[in-house]
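All values below come from the heavy atoms of this structure, side chains included, with hydrogens, waters and symmetry mates left out. Computed from a predicted model, the values in this text were never measured in an experiment.
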Amino acid sequence: MVRVTRGRCWFAAAAMLASGAFASATPPATGDACALLTPQQVSAILGIPVGEGEHVVPDSRTSCGWMGPGGASIGSKKVVLSLMTARSFQTGKTPVKGVTESLAPNIGDEAYFVSMPPFGTALSVRKGATYFQLRIAGFPSGQVRNLERELALQLLDRV
């Protein structure tokens, strides 16, 4: 019998939303999402200690998750960075029932937030031909967008 925790489902949902499931081209950047941020960078922005980044899907380097104390559990503090393709970035802007999109000015060349209850909010960013998405969970909803923005601005220096 396979047992899946809701925390792992959250990571899987985040990976599906921004992964190659929407496009077949390899995302730009280093190709390894875990190489783009250190635990120290993530901890400094979130204000909590996080472990080493781990690939969300073991055989795919396009998504990486950092978890705070307690690991993957319901309500735990976590970040998922997913490298995107141009196609998946554009697809994320397609209107879908139950999903709210809003522009995120002054982040990269183009950025937008998507809110998907019950999965929370994600920030998708384009800088030149590089695309990525950040999803932060476990923090008060009013704080998530600011944390995603801060982390994205830090990440833009590395892509």
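Side chain of Glu148 to main chain of Ile136: a donor-acceptor pair is present (N/O by atom type, distance under 3.5 Å, no hydrogens or angles). Checking side-chain atoms of Arg126 against main-chain N and O of Gln90 turns up no donor-acceptor pair under 3.5 Å. A donor-acceptor pair under 3.5 Å is absent between the side-chain atoms of Lys77 and the main chain of Gly68, judged by distance alone. Without hydrogens or angle criteria, Ser82 side chain to Ser63 main chain gives no donor-acceptor distance under 3.5 Å.
To the nearest 0.5 Å, the span separating CZ on Phe132 from CG on Leu155 amounts to 4.0 Å. Of the inter-residue distances, the one linking Lys78 atom NZ with Leu46 atom CG reads 12.0 Å to the nearest 0.5 angstrom. Between Leu123 atom CG and Leu151 atom CG the span is 9.5 Å, to the nearest 0.5 Å. How far OH of Tyr131 is from CD of Glu110: 8.0 Å, rounded to the nearest 0.5 Å. To the nearest 0.5 angstrom, Asp32 atom CG is 9.5 Å from Leu81 atom CG.
Contact between Met84 and Ser88 at its shortest, heavy atoms only, is CB-OG, 3.3 Å. Closest approach of Gly108 to Leu156, counting heavy atoms only: N-CD1, 3.3 Å. Minimum heavy-atom separation, Leu134 to Ala152: CD1-N, 3.4 Å. Gln41 and Leu37 make their closest contact through OE1-CA, 3.3 Å (heavy atoms, listed as atom of the first residue, atom of the second, distance). For the pair Pro39 and Val50, the tightest heavy-atom approach, listed with the atom from each and the gap, is O-CG2, 3.5 Å. The two residues Phe113 and Ala104 have their closest heavy-atom pair at CE1-CB, 3.4 Å.
Residues Leu83 and Leu36 have side chains in contact (heavy-atom distance under 4.5 Å, counting atoms from C-beta outward). You'll find the side chain of His55 reaches within 4.5 Å of the side chain of Cys34, heavy atoms only. Side-chain contact between Phe139 and Ile48: present, with at least one pair of heavy atoms (C-beta onward) separated by less than 4.5 Å.
Applying the 6.0 Å contact sphere to CG of Asn106 captures no more than 12 heavy atoms from other residues, nucleotides or ligands.
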Worked verdict on Arg145 versus Ser115 for side chain to side chain contact (heavy atoms under 4.5 Å, CB included): CA-CA 10 Å; Arg145 285 183 182 218; Ser115 297; 3.3 Å; yes

